[in-house]
Amino acid sequence: MKEYSTKDIRNVVLLGATKSGKTTLAEAMLYEGKVIDRRGTVEDKNTVSDNDELEKLNQRSIYATPLYAEFMDNKINIIDAPGSDDFIGGAYAAFKVCESGILVINAQQGVEVGTESFLRRAGEQKLPLVIAINQLDAEKADWDNVQASVKEALGGKVVYVQFPVNAGINFDGFVDVLKMKYYHFKDANGTREDLEIPANLADQAEEYRQALIEKAAEFDDALMEKFFEEGSLSEDEIRKGLALGIESGEVYPAFCVSGKKDIGVKRLLEFTKNVAKAPECKQDGPASIFIYKNAVEQHLGEVSYFKVMSGSIASGIDLEDPVSGNKERLSAIYAVAGTKKEAVNVLKAGDFGCAVKLKNGKSSTTLSAPGSGISYDKIAFPAPKYRCAIKAKVQQDEQKLGDALKKIASEDPTVIVEYSKELRQTILSGNGEQHINVVRWLINNEYKLEVELFAPKVPYRETITKVACAQYRHKKQSGGAGQFGEVHLLVCPAEGELNTKFKIDGKDTQLNIKTQDISEMEWGGKLEFYNCVVGGAIDLGFMPAILKGIKEKMNEGPLTGSYARDIRVFVYDGKMHPVDSKEIAFIIAGRNAFKEAFRNAGPKILEPIYNVEVMTPSEYQGAVMSDLQNRRGILGDMGADKGFAILKARVPLAELYRYSTTLSSLTAGSATFNMEFADYQPVPGDVQTKLLAEYAAQDEEE
């Protein structure tokens, strides 16, 4: 492979809903780029992109695959990103390293929820997009429907560079109004004829071209002036105007393709080469790379995929991790097209490549020239939407399972594994049930372990709603030294202004604070502890022990064993013994007095509430709303966006287990959602009664 300068490199990500045909299109792009001499198919399980065993089994993209095409003296690096929301992490990695994207739309379906999701995400990332309307050769391809749905999604921002001829099973060409040519394809291998536009299509072509010229002129004053004077622009001028509009996110040029028949793919690559931005990387200066993906591959071991961010790198170069200072030698570097890895001597700024068996080769890692201090921000992945508990079926395999999960999470940063001390469970989180099923498949098939997945416990919180007093005496005398400690305390909610006047034992009492300790609890909320003891009833030195006992009980709340929060405690009296009073006695006395007071203070269980936003086709809106309400969800704002209903609700986490699966079932897989923690709220009375009964039954069993 020749060496490519930064100006001759283009980096694009293929985005689109599931079944839009990205992998088939990528295969045609590689064929036109002379990387392969025969195109595979998803059905035959021999494509360059979907090369993993699991992808072949499922006949869908699960991982983002780096590819490239050498085309017109340029290198076009391509990342084929999965279309499913469950595997969205690959797209986010690509957003980090690609300067532009190709949004693939299925001509049979038009703009789908998945398409709309990628449009939104690309907008958030300020990623310029070109549209490829694919599968125009399919029986149900509908050009009018596609145009209508694209217009609804993008309004006046879309402009058509081409329109198809004979869309459907007889699709065999298109009119390109930038080139003003009719491209006719004689077979399914991209063999084309460049012809004059037929007379019966001339008016339509002129109409499309005029719209193209007007759109291109919008973004440059000189072009606009020429357009007003002459009524037209040259091909190069149109390209210049479109490039400005694409970069600003105000123009989405649309192309006609069939990845399956290799129709229009060469023109799409040509436009990408001519109009897409080259990487904004400095070719001179210190070398640096950013690792956007790592994977363990058969016969190779760990492979780290990177983009050269500055300078150039050669095989044998020494770099360092600027965070840890650890040195790393890239003994060999490769250009990558799926499983094909071609050794190269040099990769320059902006180019993609990979290296094997790096010690510091994890995703989101920067490696740069020693002493340069160059570092890049990590990839910001979306929060997980599916969580479950996991354990090994055989207790002795727990350590092996932990090691396996650690390796899987290092390859896929959107897999989150954590052991919850609070819940005493290992919690596995991902982007959806399909995502988690992939993790289970890897554990079963690559690590040969059997596991159980089940609903995780809910991290409830406990608090109080009223004022209550209690006292507890701990007295122990058994031959040797005794233990004695007595604590009188009052509890109330930690809210509003501090009040120190209470009714204790039927008398109005003014408490005088001697010392105080206000602690922010690591699980949220706080504990306010006030020492109001007078007359030396309890020595000041025992106050930390009482506080320790209270915190121990807040760590395992009196109602369900959940963390307690937002409580004020006033220790106002007690007793001690000159010989037998010890720290342990006051820890026990404080803990038990707090427990009794808590139970008499209108105790309440709090549950985590999440803000949920669902985007669904309008025909499923009623079913989605009904399901959210059945999950104790409180519906909020509702709206519409480009043909889709947007529903917002506050839903208890306890009701969201497997929600992604249910939503997919309700909407035939056409809806997406996101969720984020909002706050804690009291559970309804019937739910609290049920939780208390369950905890009591569990206590009896133990």
> Taking only residues two or more places apart in sequence, or in another chain, which ones meet E422 in a side-chain contact (heavy atoms from CB on, under 4.5 Å)?
Replying inline: S420, P459, R461, Y563

> With distance as the sole criterion, is a donor-acceptor pair present between the side chains of E418 and T426 under 3.5 Å?
Replying inline: no

> Using a distance-only test with no angle check, is there a side-chain donor-acceptor pair under 3.5 angstrom linking Y460 and E462?
Replying inline: no

>> One thing to verify: whether R473 and E486 come together as a salt bridge, which I'm taking to mean a side-chain N less than 4.0 angstrom from a carboxylate O.
In response: yes

> Going by an N to O cut-off under 4.0 Å, is there a salt bridge joining E613 and K648?
Replying inline: yes

> Between E433 and R658, does at least one N-O distance fall below 4.0 Å, as a salt bridge requires?
Replying inline: yes

>> Does the Lys NZ or Arg CZ of K293 fall within the cation-pi geometry relative to Y305 - under 6.0 Å from the ring centre and within 45° of the axis?
In response: yes

Under 3.5 Å, which donor-acceptor pairs do the side chains of residues 381-389 form with other protein atoms, sequence neighbours left out?
from, atom 1, to, atom 2, distance (Å)
K385, NZ, D85, OD2, 2.5
K385, NZ, F673, O, 2.8

Quick one: side chains of residues 492-499, donor-acceptor pairs under 3.5 Å with protein atoms, not counting sequence neighbours, listed by atom name and distance.
from, atom 1, to, atom 2, distance (Å)
N499, OD1, K501, N, 3.2
N499, ND2, K501, O, 3.1

>> Under the rule for side-chain contact (heavy atoms from CB on, under 4.5 Å), what residues qualify as partners of F677, not counting sequence neighbours?
In response: P608, Y610, Y680

Side-chain donor-acceptor contacts of residues 542-551 below 3.5 Å, not counting sequence neighbours, with atom names and distances?
from, atom 1, to, atom 2, distance (Å)
K551, NZ, S519, OG, 3.1

> Should N444 and L449 count as side-chain neighbours, where that means a heavy-atom distance under 4.5 Å?
Replying inline: no

> Sequence neighbours excluded, which residues qualify as side-chain contact (heavy atoms from CB on, under 4.5 Å) partners of S304?
Replying inline: I291, N294, L358

